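Predicted model, so just to flag it, every value in this text is computed and none were measured.
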Amino acid sequence: MTAPRVIRPDVRSVIQQPLTVGESPVWDEGTGTLWFVDILAPALVRLSPSGKIDRFDMPAAIGALGLCRDHRIVVGLQTGVHLFDPVSGDFEFVCDPVGRDINCRLNDGKVGPDGHFWIGSFSEAKPQTNDAALYRVGGDGRRRTVATGLTSSNGLAWSPDGRRMYHSDSRQCFLQAFDFDPDTGDLGDGRRLRSFTEDEGRPDGATTDRDGFYWSAGVSAGRLNRISPEGEIVEIYILPVPAPTMPCFGGPDLRTLFVTSLSTDRTGRFEAGTVIAFDVDAEGLAPFRFG
């Protein structure tokens with residue numbers, strides 16, 4: 001096994017405003033806009049190509065977002081999945097896959113190749129329990145529970161051909177992969193690709209590149225891990241933020257990585273969450289659209 005290449009990228013700051021828990025960056029290739037969330041603010045944030053920031057306050061904690069085929073945004077809130085219209089400010093309720101009888105909130109989510117919103121939950125119990133799950137939500141409000149026994153569902157991403165789905169659990173510290181039918185959204189059996197140590201970085205949000213590599217935010221280690229389809233860490237990107245939460249590809253050629261982070265005092269001094277960016281020798285994929 002070859003030792004991973006360690007890279008210290010030339011990082012630039014994207015925003016000046018501090019975030020509590022920055023998450024779920026999504027690049028809109030049609031408008032050159034970067035969307036992301038501040039989970040506990042709670043807010044949905046839009047960064048325009050000119051650098052202008054628009055902040056949309058949410059009525060409940062927001063875990064993730066996805067782009068729709070119209071101009072709306074699908075959001076995973078504490079109260080369920082909703083469609084949000086940034087022009088009018090209106091919300092349309094889609095469904096609440098979690099229900100109110102379990103102490104979990106919606107966490108990491110992404111629109112899949114099948115046009116559905118795949119979103120998992122996060123245990124808010126003290127101590128955390130394995131009551132979290134992963135759900136598939138359609139535009140008609142129908143939902144299906146596709147994985148259970150989770151603590152912190154995370155790391156959703158798809159291979160370039162849409163035939164493999166990646167998924168992690170940040171608390172149980174594993175990465176798994178499923179065979180995936182991009183037409184029907186049907187999953188094969190999950191198989192573990194690797195487990196992580198705290199020093200390697202608990203696997204948080206993730207993305208994939210055009211060559212099929214999986215980029216995982218190591219939230220406990222201040223790094224980004226580029227992982228082969230076989231589960232081997234091939235590159236380690238050392239970041240200037242102690243707790244990166246999720247990467248996404250963007251920029252006009254999809255060769256810029258945007259990475260969100262959360263507030264932490266883990267290093268001995270408080271550092272607010274933010275969004276950073278750096279260019280890489282890899283090309284990403286445009287996001288899928290909901291509906």
Side-chain angles (χ1 to χ4, degrees), residues 4 6-26 34-45 47 61-65 76 105-110 120-124 126-128 132 150-157 167-175 194-207 214-227 233 235-249 257-278 280:
V6 178
I7 300 166
R8 295 183 182 272
D10 183 12
V11 171
R12 55 191 181 271
S13 180
V14 172
I15 60 168
Q16 302 306 314
Q17 296 93 326
L19 305 175
T20 52
V21 183
E23 261 286 8
S24 195
V26 178
L34 180 71
W35 293 88
F36 54 95
V37 308
D38 192 348
I39 292 180
L40 299 179
L44 175 66
V45 186
L47 175 65
I62 174 170
L65 72 100
R105 66 162 170 79
L106 291 177
N107 192 44
D108 177 80
K110 260 185 192 169
S121 57
F122 170 95
S123 171
E124 294 198 301
K126 305 287 186 195
Q128 286 185 301
L150 304 172
T151 311
S152 178
S153 179
N154 229 315
L156 285 166
H167 174 258
S168 70
D169 189 308
S170 295
R171 291 295 169 186
Q172 298 184 47
C173 286
F174 65 77
L175 169 64
R194 72 173 296 123
S195 297
F196 297 81
T197 65
E198 290 283 319
D199 289 342
E200 289 175 327
R202 289 201 313 272
D204 208 303
T207 189
Y214 177 84
W215 300 68
S216 172
V219 68
S220 61
R223 69 193 231 184
L224 195 62
N225 293 310
R226 189 184 189 210
I227 299 170
I233 296 176
E235 291 175 340
I236 298 167
Y237 289 77
I238 305 298
L239 303 180
V241 292
T245 55
M246 186 174 177
C248 84
F249 283 93
L257 267 179
F258 293 92
V259 183
T260 50
S261 70
L262 56 81
S263 298
T264 180
D265 57 4
R266 155 183 317 144
T267 60
R269 66 186 177 91
F270 178 80
E271 293 188 52
T274 190
V275 184
I276 58 173
F278 55 95
V280 292

Can you name the one residue among Val241, Val259, Val14 that meets side-chain contact (heavy atoms from CB on, under 4.5 Å) with Thr274? Val241
Would you mind telling me which of Pro240, Pro9, Pro247 makes a side-chain contact (heavy atoms from CB on, under 4.5 Å) with Phe278? Pro9
Side-chain touch [X]/[Y], heavy atoms, less than 4.5 angstrom:
X	Y	answer
Gln17	Val45	no
Ile236	Asn225	yes
Asp169	Ser152	yes
Tyr237	Leu257	no
Leu34	Cys248	yes

Shortest non-hydrogen contact from [X] to [Y]?
X	Y	answer
Pro4	Glu235	CB-N, 4.2 Å
Phe36	Pro25	CB-CA, 3.9 Å
Ala217	Pro244	CB-O, 3.6 Å
Gly201	Ser220	CA-OG, 3.3 Å
His167	Leu156	CD2-CD2, 4.0 Å
Ala272	Pro18	CB-CB, 3.5 Å

Could you tell me whether the side chains of [X] and [Y] share a donor-acceptor contact shorter than 3.5 Å?
X	Y	value
Asp38	Thr20	yes
Thr151	Gln128	no
Thr245	Thr260	yes

Using a 6.0 Å cut-off, check whether atom CZ of Arg8 has over 12 heavy atoms from anything other than its own residue. no
Report the distance from atom [atom1] of [X] to atom [atom2] of [Y], rounding to the nearest 0.5 Å.
X	Y	atom1	atom2	value
Ser195	Arg202	OG	CZ	14.0 Å
Ser170	Asp204	OG	CG	4.5 Å
Gln172	Asn154	CD	CG	12.0 Å
Ile233	Arg226	CD1	CZ	13.0 Å
Ile15	Ile276	CD1	CD1	11.0 Å
Arg269	Thr264	CZ	OG1	11.0 Å

Any donor-acceptor pair under 3.5 Å from Ser263 side chain to Gly273 backbone: yes
Do Arg223 side-chain atoms and Glu200 backbone N/O form a donor-acceptor pair below 3.5 Å? yes
